[in-house]
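Here's the structure, in structure tokens; my notes come after.
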Amino acid sequence: MVVPSPNPIQRERIRNIGVPIIDLSRKRSQVSDLIVKACEEYGFFKVINHGVSKDIITRMEKEGLDFFAKSSLEKQKAGPPNPLGYGIKNIGFNGDIGEVEYLLLHTNPLSISQRSKSISKDPIKFSCVVNEYIEAVRDLACEILDLMAEGLWVHDKSVLSNFIRDVDSDSVMRLNHYPSTFKDYSKDCHINNRIGFGEHSDPQILTLLRSNDVDGLQISLEDGVWVPVPADPAAFCVNVGDALQALTNGRFVSVRHRALANSYKTRMSMIYFGAPPLHSRISPLPELVTPQKPSLYRSFTWAEYKKATYSLRLSDRRLDLFKTR
Ligand code: GA4
């Protein structure tokens with residue numbers, strides 16, 4: 001069975017009017033329908049009026065910028081990324097490279113407090129700010145997952161959010177810093193469209209990304225067609241991850257995306273990846289499996305999926321390994 005892909009009319013629409021922007025302050029039933037539609041068509045949408053305070057976002061952004069402004073020697077103290085910690089250019093363990101430096105953190109407060117010592121001169125403040133941001137963004141992710149469950153008419157409305165609410169959730173938070181690629185060779189100005197973070201899908205359930213006012217993110221609607229997602233610091237970009245594609249039996253699409261480092265300005269994104277606990281089992285929700293639409297994926301634990309993820313390259317279609325046929 002083939003995973004649904006957008007038809008030419010949908011593709012034209014997204015090219016002309018851009019990615020769906022969903023106002024969370026609208027009527028709940030309308031919002032859940034719009035979210036389901038966006039996840040089926042694109043696996044991607046933006047949310048506005050999301051309720052995450054500007055203050056929390058600004059404080060997190062400042063901690064990130066302060067960290068990346070440090071000397072390379074200072075930053076290396078928070079590395080190497082194994083896979084958590086500070087990394088530069090190298091992504092994962094299998095030779096993927098990008099024009100990016102990053103900080104990858106587990107969302108567990110204990111892990112954050114331990115890591116902060118090598119990240120900030122004021123580790124207590126750093127942990128507080130990060131924990132506060134993660135809590136706010138996790139709440140938003142849970143709300144979105146509940147809206148999805150409502151729109152999908154599944155029996156247990158918390159079945160999706162429970163995975164990331166769990167104290168043992170394996171969720172991670174990433175700060176990506178893409179330095180400007182503008183070079184002024186006196187009269188000659190070069191702007192390179194270098195790949196900051198190459199094409200991939202996110203392995204987890206749901207991703208919430210917020211960036212500063214600098215473009216770079218692109219989503220792929222089908223192989224070779226890239227749609228730029230204009231930066232919008234007031235919005236969160238939300239995308240379906242592989243685990244949610246499996247849970248919805250392929251109804252939602254885990255969107256392939258990438259980031260370009262092609263700007264005069266430096267881009268920084270702050271990304272929350274909502275994941276299940278390692279021992280959690282992922283299999284298509286029973287309501288979404290019917291004789292007409294049998295299970296597309298076999299059941300797997302998040303630990304199993306993560307192991308497969310890290311054994312492959314960034315752009316590999318790892319969910320294919322878990323197909324039933
Ligand atoms: C992509 C999504 C998240 O950023 C991430 C990435 C992870 C990493 O940077 O360590 C991976 C990548 C991501 C997928 C394939 C593997 C693992 C790098 C890589 C080559 C933190 C994640 O969970 O998967």
Side-chain angles (χ1 to χ4, degrees), residues 43-44 64 68 75 78-108 111-112 115 119 130 133-134 137-138 141 163-164 168-178 195-211 216-220 229 236-247 253-261 267-278 280 282 300-322:
F44 185 93
F68 291 118
K75 288 186 280 195
N82 49 4
L84 301 170
Y86 172 74
I88 178 158
K89 296 207 164 124
N90 292 307
I91 300 168
F93 306 121
N94 299 309
D96 287 290
I97 286 189
E99 290 303 317
V100 65
E101 58 174 339
Y102 59 88
L103 201 49
L104 199 49
L105 304 168
H106 198 279
T107 57
N108 180 311
S111 158
I112 290 172
R115 290 249 162 216
I119 297 173
V130 176
Y133 182 81
I134 287 171
V137 177
R138 184 200 299 118
F163 284 114
I164 66 171
D168 292 326
S169 142
D170 189 40
S171 300
V172 289
M173 151 104 187
R174 172 171 213 136
L175 297 177
N176 278 340
H177 187 244
Y178 304 95
I195 297 287
F197 206 105
E199 171 178 356
H200 67 287
S201 66
D202 292 338
Q204 294 81 0
I205 294 181
L206 198 71
T207 303
L208 265 60
L209 174 148
R210 188 265 175 198
S211 81
L217 182 63
Q218 298 188 326
I219 60 170
S220 167
V229 178
F236 274 92
C237 293
V238 182
N239 68 265
V240 171
D242 300 343
L244 188 53
Q245 177 169 323
L247 284 162
V253 210
S254 175
V255 66
R256 296 179 72 76
H257 53 287
R258 67 180 184 185
L260 300 183
R267 176 166 185 264
M268 189 177 79
S269 57
M270 315 195 288
I271 321 166
Y272 167 84
F273 300 92
L278 287 171
S280 279
I282 309 287
F300 53 86
T301 63
W302 173 243
E304 233 181 298
Y305 198 69
K306 229 180 132 176
K307 194 170 164 213
T309 295
Y310 275 98
S311 70
L312 297 170
R313 298 290 299 259
L314 184 60
S315 66
D316 285 336
R317 293 172 190 269
R318 56 197 92 88
L319 194 53
D320 287 355
L321 299 177
F322 297 83

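The first residue of the sequence shown is numbered 1, and numbering continues consecutively from there. Values reported hereafter were calculated over all heavy atoms of this structure, with side chains retained and with hydrogens, waters and symmetry mates removed. Both ligands and their constituent atoms are indexed starting at 1 by order of listing.
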Pairwise side-chain contact, L105 with S111, heavy-atom cut-off 4.5 Å (strictly under)
no

Are the side chains of I97 and N90 in touch, meaning some heavy atoms are under 4.5 Å apart?
yes

So what's ligand 1 close to, N/O to N/O, under 3.5 Å?
| residue | atom | partner | partner atom | Å |
| --- | --- | --- | --- | --- |
| ligand 1 | 4 (O) | R174 | NH1 | 2.7 |
| ligand 1 | 9 (O) | R174 | NH1 | 2.8 |
| ligand 1 | 10 (O) | Y310 | OH | 2.9 |
| ligand 1 | 23 (O) | Q204 | NE2 | 2.7 |

Residues at least two apart in sequence or cross-chain that pass ring-ring contact (aromatic ring centres under 6.0 Å, His included) with F68, listed by chain then number, are H177

Can you find a pair of side-chain heavy atoms, one from W302 and one from P277, that are under 4.5 Å apart?
no

So CZ of R267 and CG of L217: to nearest 0.5 Å the spacing works out to 5.5 Å

Donor-acceptor side-chain pairing of E99 and Y178 below 3.5 angstrom
no

